[in-house]
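Only a predicted model underlies this, so the values are computations on that prediction, with no experimental measurement involved. Hydrogens, waters and symmetry mates are skipped; everything else that's a heavy atom, side chains included, is used.
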Amino acid sequence: MKFIQLLRKGQKLLSSKNISILIFFSLLFFSCSKNKSDVDNNAIDYENPEVVLQQAKNVLGNEVKFAYKGKFDQDTTIEIATGTEIQSPKQWGIKFLLLKRDGDQLKVTYQTSLLSGSFKQCLVQKIKFPVFDYELIYYNSQDYFLGSGGGEVYSYLVNYNEGKTYFAHLITQPGSNVSLYLSSNIDFPEVKNFFISIFKRDYPSVQIVSKDIELKY
């Protein structure tokens with residue numbers, strides 16, 4: 001009788017020990033999995049421009065023309081400002097988008113409408129104004145749309161934080177003054193002065209016009 005009681009007691013102890021071991025390994029596996037996930041999420045070197053560009057292409061495809069990591073609004077997560085270009089018989093132009101890391105993925109949180117311009121031979125970069133506590137994206141088409149008989153220059157400042165795209169459009173035509181149109185949504189003098197100073201470097205006699213001009217090609 002005592003032998004049977006000891007045997008049952010031993011079985012209970014063995015069973016409890018097995019359960020304890022099982023719980024230990026389960027917790028160990030969960031901990032390792034969690035640590036591996038954390039490592040995977042943080043392993044991407046977002047300080048490397050080539051890595052940032054590739055991450056943007058992973059989300060948007062090979063149409064991505066630039067990608068910059070920065071602080072583009074009040075959020076603290078990883079943000080990438082990027083741009084794509086569309087060229088087809090029915091439509092052409094460029095878009096600016098903002099990607100943010102959500103968990104272990106990058107997601108599009110904002111994009112502009114299709115804008116006139118091309119990323120070929122252009123200037124695009126991050127820019128910081130003292131009036132803003134975040135960065136903007138500056139774009140200038142430079143001489144891509146200019147020719148010996150005149151042409152135009154498209155320029156944008158993309159304010160992702162406020163969902164605004166400030167626009168400047170320079171127009172040159174034979175026998176006419178060089179004109180510069182500034183979009184009506186420019187609500188900061190610093191932005192207006194920036195556009196004017198940029199274009200006056202190359203066109204000192206440029207005149208500001210109140211209505212945009214559409215060239216016929």
Using 0.5 Å steps for rounding, measure from the [atom1] atom of [X] to the [atom2] atom of [Y].
X	Y	atom1	atom2	value
Leu98	Ile80	CG	CD1	9.0 Å
Asn161	Gln74	CG	CD	5.0 Å
Ser113	Ile94	OG	CD1	10.5 Å
Asp45	Lys69	CG	NZ	9.5 Å
Tyr46	Ile78	OH	CD1	5.0 Å
Ser141	Leu115	OG	CG	12.0 Å

[X] with [Y], same ILVMFWY side-chain cluster at under 4.5 Å:
X	Y	result
Val178	Leu182	yes
Val209	Tyr166	no
Val124	Leu136	no
Ile198	Leu180	yes
Leu114	Val158	no

Suppose we screen for side chain to side chain contact (heavy atoms under 4.5 Å, CB included). Which residues come up paired with Lys126, at least two apart in sequence or across chains?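 Tyr68, Phe72, Glu135, Ile137.
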
Aromatic ring pairing Phe119/Tyr139, orientation class (parallel under 30°, perpendicular over 60°, tilted between):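 Ring orientation, 0 to 90° scale: perpendicular.
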
Tell me the closest heavy-atom pair linking [X] and [Y], and the distance in Å.
X	Y	answer
Asp212	His169	OD1-ND1, 2.7 Å
Lys107	Asp102	NZ-OD2, 3.3 Å
Tyr156	Phe195	C-CZ, 4.1 Å
Glu47	Pro49	O-CD, 3.4 Å
Tyr181	Lys211	CD1-C, 3.6 Å

Quick check: does any side chain N or O of [X] sit under 3.5 Å from a backbone N or O of [Y], one acting as donor and the other as acceptor?
X	Y	value
Tyr160	Leu97	yes
Asn140	Gln142	yes
Thr172	Gly151	yes

Test Phe167 against Tyr154 for side chain to side chain contact (heavy atoms under 4.5 Å, CB included), laying out the working first. CA-CA 8 Å; Phe167 172 51; Tyr154 299 103; 3.9 Å; yes

Check Thr112, Asn159, Asn185, Asp187 against Lys164 for a side-chain hydrogen bond (donor to acceptor under 3.5 Å, both in side chains) and give me the one that passes. Asp187

Side chain to side chain contact (heavy atoms under 4.5 Å, CB included) between Phe145 and Ser116: does it pass, once the steps are laid out? CA-CA 11 Å; Phe145 297 100; Ser116 298; over 6 Å; no

Contact list for residues 72-88, test salt bridge (Lys or Arg N to Asp or Glu O under 4.0 Å), sequence neighbours left out: Asp73-Lys100, Asp75-Lys100, Glu79-Lys100

What do the steps show when you test Gln91 against Ser88 for side chain to side chain contact (heavy atoms under 4.5 Å, CB included), and what is the final call? CA-CA 5 Å; Gln91 60 179 352; Ser88 70; 3.6 Å; yes

Taking distance alone, no hydrogens or angles, what donor-acceptor pairs closer than 3.5 Å link side-chain atoms of residues 50-67 to residues at least two apart or in another chain?
from, atom 1, to, atom 2, distance (Å)
Gln54, NE2, Asn58, OD1, 2.9
Asn58, ND2, Gln54, O, 3.4

Criterion side chain to side chain contact (heavy atoms under 4.5 Å, CB included) on Phe199 and Ile208, from CA distance to verdict: CA-CA 11 Å; Phe199 285 108; Ile208 309 298; over 6 Å; no

What residues form a salt bridge (charged side-chain N to carboxylate O under 4.0 Å, His left out) with Asp133, not counting sequence neighbours? none

Would you say Glu214 has more than 12 foreign heavy atoms packed within less than 6.0 Å of its CD?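 Counting other residues, nucleotides and ligands, CD of Glu214 stays at 12 neighbours or fewer.
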
Counterpart residues, ring pair (Phe, Tyr, Trp, His ring centres under 6.0 Å), relative to Tyr144 (two or more places apart): none

With sequence neighbours left out, what residues match Phe129 under ring pair (Phe, Tyr, Trp, His ring centres under 6.0 Å)?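 Once residues adjacent in sequence are excluded, the partners of Phe129 under the ring pair (Phe, Tyr, Trp, His ring centres under 6.0 Å) criterion are Phe194.
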
